[in-house]
Amino acid sequence: MPATSPKMGRKVKKSFSISVESDSFIRMTCKERESTSESETLDALLNELMSIRKQEALEAAYTDYYDSLGDEEV
């Protein structure tokens, strides 16, 4: 069986121990999204978190830039 698929790209097999609450959340989210697997759901949740962090970093960079400008530059 190939390690990659055209739809999902490269995958890395990992093994984690998580809290019961996290497991319940992943299972519940998997059902809500009608996902094909808990792994797919966890990957989607992590992608969403990465997107949020990138957006926050971008917004912080804009804020830092505009805060660094003098009154005349603004």
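Please read these numbers as outputs of a predicted model, since none were measured by experiment.
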Original post:
Judged by atom type as modelled, is there a donor-acceptor pair below 3.5 Å linking the side chain of N47 to the main-chain atoms of D43?
Top reply: yes
Original post:
Can you check whether G70's main-chain N or O pairs, donor with acceptor, with E73's side chain at less than 3.5 Å?
Top reply: yes
Original post:
Under 4.5 Å between side-chain heavy atoms, hopping through other hydrophobics if needed: is there a path connecting I52 to L45?
Top reply: no
Original post:
Are L46 and I26 connected, step by step, through hydrophobic side chains (Ile, Leu, Val, Met, Phe, Trp, Tyr) whose heavy atoms are closer than 4.5 Å?
Top reply: yes
Original post:
Say you draw a straight line from OG of S39 to NZ of K13; how long is it, rounded to the nearest 0.5 Å?
Top reply: 8.5 Å
Subject >> Gap separating the CD atom of E59 from the NZ atom of K54, nearest 0.5 angstrom >> reply: 14.5 Å
Subject >> Exceeds 12 heavy-atom contacts within 6.0 angstrom, atom CD of E34 >> reply: no
Original post:
Could you give the distance from OG1 (T41) to CZ (F25), rounded to the nearest 0.5 Å?
Top reply: 10.0 Å
Subject >> Rounded distance (nearest 0.5 Å) linking atom CG of L58 with atom OG1 of T63 >> reply: 9.5 Å
Original post:
If you round to the nearest 0.5 Å, how far is SG of C30 from CZ of R27?
Top reply: 9.0 Å
Subject >> Test log, rule side chain to side chain contact (heavy atoms under 4.5 Å, CB included), inputs E38 and L42 >> reply: CA-CA 6 Å; E38 292 175 16; L42 181 57; over 6 Å; no
Subject >> E40 side, atom CD; K11 side, atom NZ - distance, nearest 0.5 Å >> reply: 7.5 Å
